[in-house]
Amino acid sequence: MTAAAPQLADFVVHLDHALLADSHLSGTVRITSTTSPILALEISAFWFAAHQGLADMKVVSRTALEPVPALNTDARFTLPFPKGPPTYAGELLTIDWFVRVSVITDAGVAAADIGFRVHSQATPRPAASPSPGSVSTLSQRPS
Amino acid sequence: MPFAFLDRIDSRLATQPSSRLAFWLAFAAVPLLPLGLGLPVLAAREVVALARDVPAQCEVAGARIDFTHIRRRNWFQPLWEVALTVDGTRMTAKLWGTLRRTRAAATADLRGHAVGESVPCWYDAERRSGLRTTEPQLWRAVMAALGGLVCLGGPGYVGAWALHNRGKTEGELLARAVAQRSAAVPEPLAPVDGLPAWTQELPLPSIVPAAGSVLSRRLEPEVVAAGGDPAWAWPILVGAGTLVLGMVTLANDAGWLWPFVAGLGLATAALLVHALRSGQEGSMPAPQVEVGRFALQPGERTELFLEQVGPLHVKELAVTLALRERVTHREADGSMGTRFAEVKSVTLCAQDELRLSRRERWQRRLTLEIPADAMCSFQSSQHGLEWAVTIDAIAKECPIAPIRYPLLVLPLVTE
């Protein structure tokens, strides 16, 4: 699963698994272009329980990639993951999971949220191979 | 421990919230009862004096120093005997001075009224009795009546308040009890190896901190926050008012007040009947529900024992295992509300036309199985996914509010 954020920096994110039942969340991020020097690259995982715009959110894991990877270089990341709560879509309530990649530059922050599913009963399956030409952004929240 | 018997009674009534509340209300009412009955009498006397007493000039017939023993020392007090003779009827009363620490100070005060001196007094001119040295005051009657009302109605107010807040306070107490018990007895949470850390934040269901009679865990019914029944506060309040008015009327021989007393009495009876009926129709005694385990994973089974005591008459009764969504939402006016949706329901047992007398019991031993594809319990600050054993019943044509016994469903660990 991949995502791109075309504002201050363009980057491609790839998660190893789109459906997670593992204790670690892993993938790669590749910054393809930037308009300002990059100060830091942060990756976090959070769940989002929402009903009609009233949402609870909890960041369960966060890491900073150091040193900041060079342009057009795949940088691997691994986040400890608590394996839940599982993704859920009910009548009133939804629980969604996202990985947020934040590229912090001199001029501001470019960020994108990539959704993935968590199911404690499922067998993890590999995500689709990254294809920078046709990246899919599930949710994008530039800051 | 001198009050251990109270603990025993309280723990016996732990599963019957109404009886438990009634017991503690009665217990609280005992010391207040003499005050609640005495103050209206005082109020009635004052009202009678206001209506009948006339002022007069009494003669001081005698004077002496009286003493009393308070807090291990003697206190001295001037005491005058005053007398009034009206048409050959002699009435006497006592006039007390201020309490003094020394006899000398009291003796000095005693010179305030000499024998033979005139002092103001009041008496019942019609009956030629009830001589008193203080002027009847309306505020004294009002204060005594209000005091009586508070003392008589106090347990009722406390009861209504306790019912209203029962969910909160009992929930807190039970949560503490469960936390203590869970710390001491790790079963049944411990056997689930490799449980994700986030499950530690899930709410534990309310369990009675004692083993059940058949299975190892007795579940506590969920208390609805607005479960207080204010219907009971009104008969108590109006009944106390009736009592006070009745005593005032009796003491004052005010026959014109009797219709009002009778009206209030009828209103009390009507309110009492209404409270009783609404209590019977809108609710049922919570059955005892026991389980082998209260924390389960999808696909797991446990035994469930259910016992319903009478008196009860319902057209239908169903025991279900249910998952509901609880969400907080914002109303159009900006206020916050809570909404529920039942998203999964498995009927464990259904019974038509259940009629139990006071001594009868209806028991069922069932197997509770969490569906293999079930979503686990979840809780965040605004929303939640809540599993429970639910008892639904229909009395006559009116559905009774469901009684829920929360359970904890843990995520399936695959490793």
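The sequence lines fix the lettering, A, B, ..., with proteins before strands; numbering per chain opens at 1. Everything numeric here is computed off the predicted structure, so don't read it as measured data. Atoms considered below: every heavy atom in the structure, side chains included; atoms not considered: hydrogens, waters and symmetry mates.
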Test item: [X] and [Y] side chains (from C-beta on) under 4.5 Å apart, heavy atoms:
{"X": "B:Leu385", "Y": "A:Ile95", "result": "yes"}
{"X": "B:Arg330", "Y": "A:Leu54", "result": "yes"}
{"X": "B:Phe378", "Y": "A:Pro86", "result": "no"}
{"X": "B:Arg339", "Y": "A:His51", "result": "yes"}

| remark: d(B:Thr328 OG1, A:Leu92 CG) to nearest 0.5 Å is 11.0 Å

| From B:Gln382 atom CD to A:Asp56 atom CG, the distance as rounded to the nearest 0.5 Å | 5.0 Å

| message | Give me each pair satisfying side chain to side chain donor-acceptor pair (under 3.5 Å) with a member in residues 385-395 of chain B, each pair once, sequence neighbours excluded. | response | B:Arg324-B:Glu386, B:Arg326-B:Glu386

| message | Is B:Gln379 in contact with chain A via its backbone, its side chain, both, or neither, using a 4.5 Å heavy-atom distance? | response | neither

| query | Should we count CZ of A:Arg76 as having more than 12 external heavy atoms under 6.0 Å? | reply | yes

| Looking at B:Cys376, B:Ser381, B:Ala341, which makes the most heavy-atom pairs under 4.5 Å with chain A? | B:Ser381

| Ignoring hydrogens and geometry, is there a side-chain-to-backbone donor-acceptor pair from A:Glu91 to B:Val343 under 3.5 Å? | no

| note | B:Glu353 meets the side-chain hydrogen bond (donor to acceptor under 3.5 Å, both in side chains) criterion, sequence neighbours left out, with B:His313

| Nearest non-hydrogen partners of B:Met375 and A:Thr87, listed with the distance | SD-O, 4.5 Å

